[in-house]
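One structure below.
Position 1 is the first residue of the sequence; numbering continues from there.
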Amino acid sequence: MSLTINSFGNNSIYSLFGGNSSSGVNSMFGGLEGSLTSLSQIKSGSYGKLVKSYYSKYDNDGNLKSDTSKKSKIADSNLSEIRNDSSDLSKATDKLLAKGKNSIWNQVESTDDEGNVTKDYDKDKIYSAIKGFADAYNELVDSGQKSESTGILSQVAAMVTTSAKTAQTLGKAGITIDNKNHLNVDEDFLKNKANMTYVKDLFNGTGSYAYQVATKSSMANSYAGNELASITGRKSYTNSGDYSLSADDMISKFNTTT
């Protein structure tokens, strides 16, 4: 099969090797000169050194290798701690917010020595759940305030502010706030003096104090997760659904082709 060219003028020859953007004619070689320049850089080794230097900090799984600097290790550890603490607070809050048969606020029947049947809240279970919430809250306050992330700090600060604004109300449930911004639960007061219906409103339901704290804790967890991912450099899926290559995958391909 032969190729017949009926018309091959100056413009045709120019478009073949160079192209003319003003006339709308593009080179069929797609910028051959630029490609040759890149090829020259590759063969000289300058491009390879740049790529290898940039990606040498990644491991075989595409994760950023641990930084030897003390600051990086501390930041990594702190973010992991924040994620764990916020997760614990979320679990503790779930117990308080649960409804239906799993709700700790369901009243139970009890029979005294004389056979009298009464129905009341399970105060031991309620105290245990609130104490667990307070302990998890205090842990997150401690780990969160050490963070260098403005996102995390803002959420922990908002959490502390919410508690401060609710201090008087919390006091009626036997809960006080100390100078470390920690919640302290008075077991005797909560079980024997506090109005349990009042306490329930404080810790159960959308918009309750516990719900507001949980929302801010969840945001802190999200910020910590994003910060941690940026440090560890984990691989992820691209927008097109492809799995992104690790750094060593790229270097391996580079070594193979050069």
For [X], what residues pass the side-chain hydrogen bond (donor to acceptor under 3.5 Å, both in side chains) criterion, not counting sequence neighbours?
X: Thr118; result: Ser110
X: Asn226; result: none
X: Asp124; result: Lys191
X: Asn138; result: none

Is there a donor-acceptor pair under 3.5 Å between the side chain of [X] and the backbone N or O of [Y]?
X: Gln212; Y: Gly207; result: yes
X: Asn84; Y: Ser80; result: yes
X: Ser154; Y: Gly151; result: yes
X: Ser87; Y: Arg83; result: no

Practice item. Tell me, with the steps shown, if Leu140 and Ser217 meet side-chain contact (heavy atoms from CB on, under 4.5 Å). Key: CA-CA 8 Å; Leu140 182 55; Ser217 170; 3.5 Å; yes
Exercise for review: Sequence neighbours left out, what pairs pass salt bridge (Lys or Arg N to Asp or Glu O under 4.0 Å) with at least one residue falling in residues 199-221?
Suggested key: none
Check your understanding: If you look only at pairs with a residue in residues 85-104, which of them pass as a salt bridge (Lys or Arg N to Asp or Glu O under 4.0 Å), with sequence neighbours excluded?
Key -> none
Grab the two heavy atoms, one from [X] and one from [Y], that are nearest each other, plus how far apart they are.
X: Gly144; Y: Ile152; result: O-CG2, 4.2 Å
X: Thr197; Y: Asn195; result: N-OD1, 3.0 Å
X: Asn78; Y: Ser143; result: ND2-O, 3.1 Å
X: Ile126; Y: Tyr121; result: CD1-CB, 3.7 Å

Check your understanding: Given the rule that I, L, V, M, F, W and Y join up when any side-chain heavy atoms are under 4.5 Å apart, are Leu79 and Leu153 in one cluster?
Key -> no
**Study point:** Residues forming a salt bridge (charged side-chain N to carboxylate O under 4.0 Å, His left out) with Asp142, sequence neighbours excluded
**Key:** none
Does any non-hydrogen side-chain atom of [Y] lie less than 4.5 Å from one of [X]?
X: Leu190; Y: Met196; value: yes
X: Val185; Y: Ile175; value: yes
X: Phe189; Y: Thr176; value: no
X: Leu183; Y: Phe133; value: yes
X: Ser147; Y: Ile82; value: yes
X: Lys123; Y: Tyr127; value: no

**Study point:** Transitive ILVMFWY cluster of Tyr211, excluding itself - 4.5 Å side-chain cut-off
**Key:** Leu97
Check your understanding: Who else is in the cluster with Tyr198 when I, L, V, M, F, W and Y are joined by side-chain contacts under 4.5 Å?
Key -> none
Donor-acceptor contacts under 3.5 Å from residues 165-173 side chains, at least two apart:
from: Thr166; atom 1: OG1; to: Thr162; atom 2: O; distance (Å): 2.6

Review point. What distance separates Asp122 CG from Ile104 CD1, expressed to the nearest 0.5 Å?
Key: 8.5 Å
Check your understanding: Out of curiosity, Glu227 CD to Ser222 OG, how far, rounded to the nearest 0.5 Å?
Key -> 10.5 Å
Exercise for review: Go through the structure and list residues passing side-chain contact (heavy atoms from CB on, under 4.5 Å) with Ser103, not counting sequence neighbours.
Suggested key: Trp105, Asn106
Exercise for review: Could you tell me which residues satisfy side-chain contact (heavy atoms from CB on, under 4.5 Å) with Ala214, sequence neighbours excluded, listed by chain and number?
Suggested key: Thr93
